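FYI, the numbering just counts along the sequence from 1. Everything numeric in this text was worked out from a predicted model, so none of it was measured.
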Amino acid sequence: MVSASKAETHTGPIRLGMVGGGQGAFIGAVHRMAARLDGNYSLVAGALSSDPERARASGAELGLDPERSYGSWQEMAEREAARPDGIGAVSIVTPNHMHFPPAKAFLEAGIHVICDKPLTSTLDDAQALAAVAKASGKLFVLTHNYTGYPMIRQARQMVADGTLGDIMVVQAEYPQDWLTEPIEETGQKQASWRTDPARSGVGGAVGDIGTHAFNLASFVTGLTLESLSADLDSFVPGRRLDDNAQVMLRFAKRGERRAKGAIWVSQVAAGNENGLKLRVYGTKGGIEWVQADPNYLWFTPLGEPKRLITRGGAGAGLAAAAVTRIPGGHPEGYLEAFATIYTEAAAAIRAARTGKSAPDGLLFPGIEDGLAGMRFIEACVRSSSKNAGWVDV
C-alpha cells in the first residue's frame, strides 16, 4: 500500500498504533509509558482488545480519536495504511498466539512493528514471520527490555573488550512465585493465558521468563547456543504448561574453548518476585548483575578484590553512558530499560524514512533474537520429553 510510506515522511514524534493493551492489561501500559518517556512517539491509534466494545472503551480512556480506535487489528492495519497521516509503527502487546497475525498484516501494510516477546507461539510461525519481515523491508523490534539496562550494556562491552578473558561459565536465573497456586482457575487474566497452550504456546515458564534469561545471557556474552538439556516441571496439579525449568547449556566453541551454562526459571519459587540474575565467568574474572538492583554491576578480576561498578560512576564506560538518562545515585529501572528499546527503534525508524543506514551502536533485539528464543523454547520442550536428554538447538 503506497500510502503507508507517506506516514513516514512527517517530522516530530513517530505516530504509533497499538494492538492489545486495553483495559486490565499490564504490559500495554508499560509499553505506552516507555514509548513516550523520551518523546519519540505519539499514540494516535489502537485496536486495544479483541472485544470491539472494550477496544473502543479503552481507546476513549486513552483519549484516542474515536475514528482511530478500531474494533479489530485487521481494520486498523487497512485503514491506517490508507491514511496520509497513518501510523509509522505499531506496538503489539497481545498474548503470544496473537503476535503473528497482526505483525504479518502490519509489515505487509508497510508499517514498522515493535512486538512483545516471545516472537510467536510456535517456531513455524516465527520462521514464517521472519520471512515476511525480510520481504517487507520494514523494521521488526522485539522488546526484550532487560537488554536496555545501562549496566547490562556495560557488561556486554566488558565481555567484548576481553576484560573477562575467554568465557567459561554463564549462569542465569529468573525465579518468581506468583503461580505457586492455581490462580488460573480463578480467571486471573495474566495467569489464564500464560498457562493455556493454545495462547501461550508449548512453553510455560520457559517461554514466559526463560526466554528473557536466555536472551540476556546471549546478549551479554555473544555466545551461540549449540545444545541443551532441559528438565521441565508442572508442579501445580492440573497445570498444562511448565512452571519450573532447569536447563544446562553448551555453547559453540570459540577457539579451543567451549563455554557451558545453566538457566533456572521458576514461577513457583516462594519469596521471589522478579529475581532475574546473570553471572558470567571468564579466564580473567567474573561479573554479576541483579535486576532488583540494576544500577550496580559487580566485577571481580581473578585474584583481586571484588569491585562495584555503578551506573554513572567510576568504571562505567561509554556503552552504559549511551543509555543513561539521569545522574548517578538516582535509580533507573524497568521502565527506562523498556524506553531504551523504543528510543533505539525510533532512531532506526527515522533513518529508514530517509533511506539511510541506522546509526551505529543500536542494540535493540530483532527478528533473529526472536527466532533464537523460539528455538530455545522448542529445544527445551523436546529435551524434557526425552527425560532431559541433550538435543541440538
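Using a 4.5 Å cut-off between side-chain heavy atoms of Ile, Leu, Val, Met, Phe, Trp and Tyr, with links allowed through other members, V159 and L318 fall into different hydrophobic clusters. Taking hydrophobic clusters as Ile, Leu, Val, Met, Phe, Trp and Tyr residues chained together by side-chain heavy-atom distances below 4.5 Å, L371 shares a cluster with F219. In the hydrophobic clustering of ILVMFWY residues, with side-chain heavy atoms under 4.5 Å counting as a link, W264 and F251 come out apart. Residues V323 and F364 fall into different hydrophobic clusters, defined by Ile, Leu, Val, Met, Phe, Trp and Tyr side chains chained together at heavy-atom separations under 4.5 Å. Cluster annotation: M248 is not connected to I167 through the hydrophobic network of ILVMFWY side chains, with a link wherever side-chain heavy atoms come within less than 4.5 Å.
A side-chain donor-acceptor contact under 3.5 Å links H112 to the backbone of L139. Looking at S384, its side chain never comes within 3.5 Å of a backbone N or O of C380 through a donor-acceptor pair. Of the possible polar contacts, none joining the S200 side chain to the G204 backbone as a donor-acceptor pair under 3.5 Å is found.
Annotation: side chain of V141 is not in contact with side chain of V113 (no heavy-atom distance under 4.5 Å). Considering only heavy atoms from C-beta on, L62 comes within 4.5 Å of L48 through its side chain. By the 4.5 Å heavy-atom criterion applied to side chains, W289 and Y149 are counted as neighbours. Side-chain contact between H330 and N295 is absent, with no heavy-atom pair separated by less than 4.5 Å. Side chains of M18 and V93 form a contact here, defined as non-hydrogen atoms less than 4.5 Å apart. Contact of the F214 side chain with the V265 side chain is not registered, since no non-hydrogen atoms from C-beta on lie closer than 4.5 Å. Side-chain contact between I114 and V90 is absent, with no heavy atoms from C-beta onward closer than 4.5 Å. Contact of the V236 side chain with the L179 side chain is not registered, since no non-hydrogen atoms from C-beta on lie closer than 4.5 Å.
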*asked:* Could you go through H144 and D369, starting from their C-alpha distance and side-chain angles, then the distance that decides it, and tell me whether this counts as side chain to side chain donor-acceptor pair (under 3.5 Å)?
replied: CA-CA 9 Å; H144 272 298; D369 301 278; over 6 Å; no
Test E80 against R68 for salt bridge (Lys or Arg N to Asp or Glu O under 4.0 Å), laying out the working first.
-> CA-CA 8 Å; E80 286 295 319; R68 302 180 78 173; 2.7 Å; yes
Evaluate the criterion side-chain contact (heavy atoms from CB on, under 4.5 Å) for residue pair V202 and L241; output intermediate values, then yes/no. CA-CA 7 Å; V202 295; L241 292 175; 5.6 Å; no
Q.
If you apply the rule ring-ring contact (aromatic ring centres under 6.0 Å, His included), what do you find for F338 with Y334, and how did you get there?
A. CA-CA 6 Å; F338 247 111; Y334 182 77; 5.4 Å; yes
Quick one, N244 with S266, criterion side chain to side chain donor-acceptor pair (under 3.5 Å). Give me CA distance, side-chain angles, the key distance, then yes/no. CA-CA 4 Å; N244 189 87; S266 182; 2.9 Å; yes
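In this structure, CD in Q127 is found 8.5 Å from OG1 in T122, a value given to the nearest 0.5 Å. With values rounded to the nearest 0.5 angstrom, I152 atom CD1 is found 13.5 Å from Q157 atom CD.
Using a 4.0 Å cut-off between a side-chain N of Lys or Arg and a carboxylate O of Asp or Glu, R199 and D196 qualify as a salt bridge. Taking the charged nitrogens against the carboxylate oxygens, R325 and E332 do have a contact shorter than 4.0 Å, which makes a salt bridge. Salt-bridge check for R153 with E344: passed, with a basic side-chain N closer than 4.0 Å to an acidic carboxylate O. Taking the charged nitrogens against the carboxylate oxygens, R258 and E226 do have a contact shorter than 4.0 Å, which makes a salt bridge. A salt bridge links D208 with K117: the distance from a Lys NZ or Arg NE/NH1/NH2 to an Asp or Glu carboxylate oxygen falls below 4.0 Å. One finds no salt bridge joining E184 and R194 here, because no Lys/Arg side-chain nitrogen approaches an Asp/Glu carboxylate oxygen to under 4.0 Å.
For S121 against H97, the heavy-atom pair with the smallest separation is OG-CA, 3.6 Å. Closest of all the heavy-atom pairs between R239 and I183 is NH2-N, 4.5 Å. A pairwise comparison of heavy atoms in H99 and P118 identifies ND1-O, 2.7 Å as the closest pair.
When only modelled atom types and interatomic distance are considered, D116 and T143 share a side-chain donor-acceptor pair under 3.5 Å.
Below 30°, between 30° and 60°, or above 60°: for H212 and Y174 the angle between ring planes is between 30° and 60°, a tilted geometry.
Judged by the 6.0 Å distance and 45° axis criteria, R250 is positioned over the aromatic ring of W390.
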